[in-house]
Amino acid sequence: MSHRLSGYGYGVFVGELNDPQWWHHSGHNAGFKAFAANIPDLGRRIVVLTNTEAMDADTVEPLLA
């Protein structure tokens, strides 16, 4: 899976994921992590909220393919 970032603003990264446009945002605080992404052209959205710092964005990226 290839992705390319083309911009950033208001905490949101914008780019391409295997050609379609997408945006994503992630964040963390002691003991918690969050990740939200959207591929509008495919109608795919994912939000992951976890109470562990072990989650990594690479873990959820395949769910968007």
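Values below: all heavy atoms of this structure, side chains included; hydrogens, waters and symmetry mates excluded. All figures in this text were calculated on a predicted structure; none of them were measured in a lab.
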Nearest 0.5 Å, what's the CD1-CD distance between I39 and Q21? 10.5 Å
Would you give the length of the straight line joining atom CH2 of W22 to atom CZ of R45, rounded to the nearest 0.5 angstrom? 14.5 Å
I want to check something: taking the side chain as every heavy atom from C-beta on, are K33 and F35 in contact at a cut-off of under 4.5 Å? no
CG (L42) and CG (D19) are apart, to the nearest 0.5 Å, by 10.0 Å
Any chance you could pull the hydrophobic cluster mates of L49, using side-chain heavy atoms under 4.5 angstrom and chaining through other members? V47
